[in-house]
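This report concerns only the one structure given below.
Everything quoted here is computed from the prediction, not taken from an experiment. Convention: sequence-line order gives letters A, B, ...; per-chain numbering from 1.
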Amino acid sequence: MSKFFVTTPIYYVNDAPHIGHAYTTILADVLSRYHRTLGDKVFFLTGLDEHGQKVMQAAQKRGLSPQAHCDDLSPRFLNLWKTLDIRYDDFIRTTQERHKKIVQLVLQKVNDNGDIYTDEYEGWYSVAEERFITDAEYESGQFRDVKKLKEKNYFFKMSKYQQKLIDYIDAHPDFIRPEHRKNEMLGFLRQPLGDLCISRPKARMDWGIEIPFDREYVTYVWFDALVNYISAAGYGSDEPKFKKWWPADVHLIGKDILTTHCVYWTTMLFSLGVPLPKTIFAHGWWLIADTKMSKSLGNVVNPLDLIESYGVDAVRFYLMREMVLGLDANFTPDSFIKCFNSDLANDFGNLLNRVSGLIHKNHDGQIPQPGILTPAEEDIKTQGNALPGKITELINQFKVQEAVTSVLDFVRSLNKYMEVQAPWKLAKTDMDSARRVLYTAAEGLRIAAIMLAPVMPQKTAAVLDILGASNTQPVWGQLKPGTILKAHPPLFPRIEVEKK
RNA sequence: CGCGGGGUGGAGCAGCCCGGUAGCUCGCCAGGCUCAUAACCUGGAGGUCAUAGGUUCAAAUCCUGUCCCCGCAACCA
């Protein structure tokens, strides 16, 4: 029994939540739930990034204060997480006092270490990107809204830690995963690393956290947002808590924010003298019908629409089942329906119907006695007992897709077992055998349901309730003969598509 | 020589790090079963694992070259 501290990025409050946000958060939730079932103490952190120019501008446009604007928008995420059954332990907002205090503490410490300096900088500034761009970038003509700007700013000596970071990555093979992302970062670090501009003069942008040693400035995104991972964990405010949880076991991120996490964040931690997270795991993107999801293309998939059509658990299942962690995956309604019908309706849901139907028909609706097992049952029992260990191992390797499919493989072998044993025939000739087979199938289904519970909390709870086996463990033999099976509608009614 | 990802039976994808019968889901064909959500089970057709070399007793898997596809303004997991 140990601890598991998992984080998602904090999402930008101005964004409309989309399938990508939902994916990362569900992934964190699924990992958390698996670890909880293992008896680990879990801390699952997510939250919102609420500062910055875009928030300020959007608020102005609406005639609201930035804070009121954030307060108005944050429920979009909170409600989505509620709908998606996300069981986070803490939800941090960067505008919270507890966070702002720590950001200032961190800035002060880093400054005390001599890692912050000021520089007068004149260059091309991209209003759209809220940052200075290099001459090369300017000449590329790929930036709009560019103007010449000269101003004093604060910089973080990131370059100082370049070699240390390279050495660290080399010495810790699991620090950046999957491996091709690690290689990407090492490639990036072959170039000289620049320093990081970390401030904005209030005159230009004042919706942020004030720099403690210069009240004319607020800090810019990195020291504001990334620090959430430790501010929420108690750094600088609750040492016992921080000791208990930090370092994080995994920062889950999308591949787009790899550099900010692997380079900016880790060098910040170096400066602070705080240990690095054990793993930064970058997953891929959901492509929509083979193209990148983007607002301008108008193909952004809203998770709420999916849930409305197919149900929360099916959406969670699909996302976990379909994406190989680390690679991109492709979303299409058609693949969703196929996955739903074959895995959930035909295999999992239908197995429940077969078992419960026969038990009601031939065994008074009571879980029958297993009697003495034959080799066929011993085989199923062995598979069932082996499943939890297998899943645990896969989850520890972040192979969520394989974990899910290996449960489905077990479900399929239960369907096969039913077919071979044919308890509907046995009921006419050999009632004891019929009982044994149905007990075995029901017990296998129970274990499969428990192993899928982190992915589909509601539907699996329903199955366990039907079996009268809520709060049982994934160990063979906990299903109680004599328990009355509850009546139930089909778990996952097939999605019928009119054939073309 | 910009960077990165990828090319595996009709479709979608694993496997590649740690070489050794090419696997899964869907679709198709045939059969079985008929408890079940026209679901389930069995068998089959279909792949020179982009391509050319190399290493090796042995390569989808390691090395090298070549071709092709995708992403790289912003939004953004």
Side-chain angles (χ1 to χ4, degrees), chain A residues 8-12 14-28 46 54 126 128-129 133 136-137 140-145 173 178-184 187-188 191 252-258 282-287 290-297 300 319 321-324 326-330 332 334-335 337-339 341-362 399 401-402 405-406 408-409 412-427 434 437-438 441 489-496:
Chain A
T8 72
I10 48 175
Y11 307 114
Y12 204 53
N14 265 17
D15 297 328
H18 57 61
I19 192 175
H21 300 111
Y23 174 73
T24 311
T25 311
I26 290 169
L27 177 61
T46 185
K54 290 197 184 69
S126 159
E129 274 215 52
I133 57 175
E137 283 177 317
S140 76
Q142 293 184 324
F143 291 81
R144 297 161 306 167
D145 258 343
E179 189 158 4
H180 63 265
R181 296 294 169 206
K182 179 181 93 175
N183 295 337
E184 194 177 326
F188 176 79
Q191 312 293 328
L252 294 175
I253 60 169
K255 65 180 183 182
D256 52 323
I257 48 177
L258 189 67
H283 65 247
W285 271 341
W286 280 95
L287 306 178
D290 282 321
T291 46
K292 189 175 168 181
M293 179 168 58
S294 79
K295 286 176 189 168
S296 54
L297 285 177
V300 175
L319 294 178
R321 161 77 172 82
E322 211 57 23
M323 181 178 272
V324 174
L327 303 178
D328 289 348
N330 199 21
T332 62
D334 194 45
S335 78
I337 290 169
K338 274 180 178 162
C339 167
N341 280 345
S342 66
D343 286 350
L344 296 179
N346 298 350
D347 290 338
F348 188 63
N350 188 41
L351 176 62
L352 173 66
N353 273 34
R354 301 179 83 181
V355 169
S356 75
L358 284 166
I359 289 179
H360 278 290
K361 193 168 173 182
N362 298 330
K399 294 185 177 174
Q401 190 229 29
E402 277 190 62
T405 50
S406 63
L408 261 293
D409 285 341
R412 278 185 272 274
S413 71
L414 289 170
N415 272 318
K416 179 176 175 179
Y417 166 77
M418 286 282 282
E419 193 65 30
V420 172
Q421 301 299 322
W424 51 93
K425 278 185 187 165
L426 293 171
V437 171
L438 284 175
L491 203 59
F492 293 102
R494 276 176 68 82
I495 300 168
E496 298 300 343

Send over the distance from [X] [atom1] to [N] [atom2], rounded to a whole Å.
X	N	atom1	atom2	answer
A:Arg181	B:rG5	CZ	P	7 Å
A:Lys338	B:rG12	NZ	C1'	8 Å
A:Trp285	B:rG5	CH2	P	14 Å
A:Leu258	B:rA77	CG	P	14 Å
A:Arg354	B:rC35	CZ	P	10 Å
A:Gln401	B:rC13	CD	P	11 Å
A:Asn346	B:rC33	CG	P	21 Å
A:Ile19	B:rC75	CD1	C1'	17 Å

I'd like the [atom1] distance from [M] over to [N], given in whole Å.
N	M	atom1	value
B:rC18	B:rC24	C1'	22 Å
B:rG20	B:rA60	P	10 Å
B:rG19	B:rG54	C1'	15 Å
B:rG15	B:rG71	P	23 Å
B:rG47	B:rA11	P	13 Å
B:rA14	B:rG23	C1'	7 Å
B:rG53	B:rG43	C1'	40 Å
B:rC49	B:rU21	P	15 Å

Verify, without hydrogens or angle tests, whether [X] (side chain) and [Y] (backbone) share a donor-acceptor contact under 3.5 angstrom.
X	Y	answer
A:Asn353	A:Pro490	no
A:Asn14	A:Lys54	yes
A:Asn341	A:Arg494	no

Proximal nucleotide (of [options]) relative to the [X] side chain:
X	options	value
A:Asn415	B:rA77, B:rC41, B:rU25	B:rC41
A:Arg494	B:rU37, B:rC41, B:rC76	B:rU37
A:Arg412	B:rU25, B:rC35, B:rA77	B:rU25
A:Trp424	B:rC26, B:rU34, B:rU37	B:rU34

Is it the case that B:rG12 (base atoms only) and A:Glu322 (side chain only) share a donor and an acceptor within less than 3.5 Å, ignoring hydrogens and angles? no
Quiz question: going by heavy-atom distance under 3.5 Å, is there a donor-acceptor pair between the base of B:rC35 and the side chain of A:Glu419?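 Result: at least one qualifying N/O pair found.
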Salt-bridge contact A:Arg354-A:Glu419 (side-chain N to carboxylate O under 4.0 Å): yes
Students often get this wrong, so: under 4.0 angstrom with heavy atoms, is [X] touching a base, only sugar-phosphate, or nothing?
X	result
A:Asp347	sugar-phosphate
A:Ser335	nothing
A:Asn350	base
A:Tyr11	sugar-phosphate
A:Pro9	sugar-phosphate
A:Gly20	base
A:Lys255	nothing
A:Leu352	nothing

From A:Ile19 atom CD1 to A:Ile26 atom CD1, the distance as rounded to the nearest 0.5 Å: 8.5 Å
Return the NZ to CH2 distance between A:Lys361 and A:Trp424, rounded to the nearest 0.5 Å. 11.0 Å
For A:Leu491 and A:Thr405, find the nucleotide of RNA chain B closest to each by heavy atoms; which residue's nucleotide sits nearer the 5' end?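 Whichever sits nearer the 5' end wins; that is A:Thr405.
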Contact nearer the 5' end of RNA chain B, comparing A:Phe348 with A:Lys399: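 Nearest nucleotide further toward 5': that of A:Lys399.
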[N] - base-pair partner by Watson-Crick or wobble geometry, distances under 3.5 Å:
N	value
B:rA22	none
B:rG53	B:rC63
B:rC72	B:rG2
B:rC28	B:rG44

Under 4.5 Å between any side-chain heavy atoms of A:Leu438 and A:Met418, yes or no? yes
Is A:Lys416 near enough to B:rU42 that one of its side-chain N or O atoms lies under 4.0 angstrom from OP1 or OP2?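 For B:rU42, OP1/OP2 do have a side-chain N/O of A:Lys416 under 4.0 Å.
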On a heavy-atom basis, which atom in A:Ile257 and which in A:Ile253 lie closest, and how many Å separate them? O-CD1, 3.6 Å
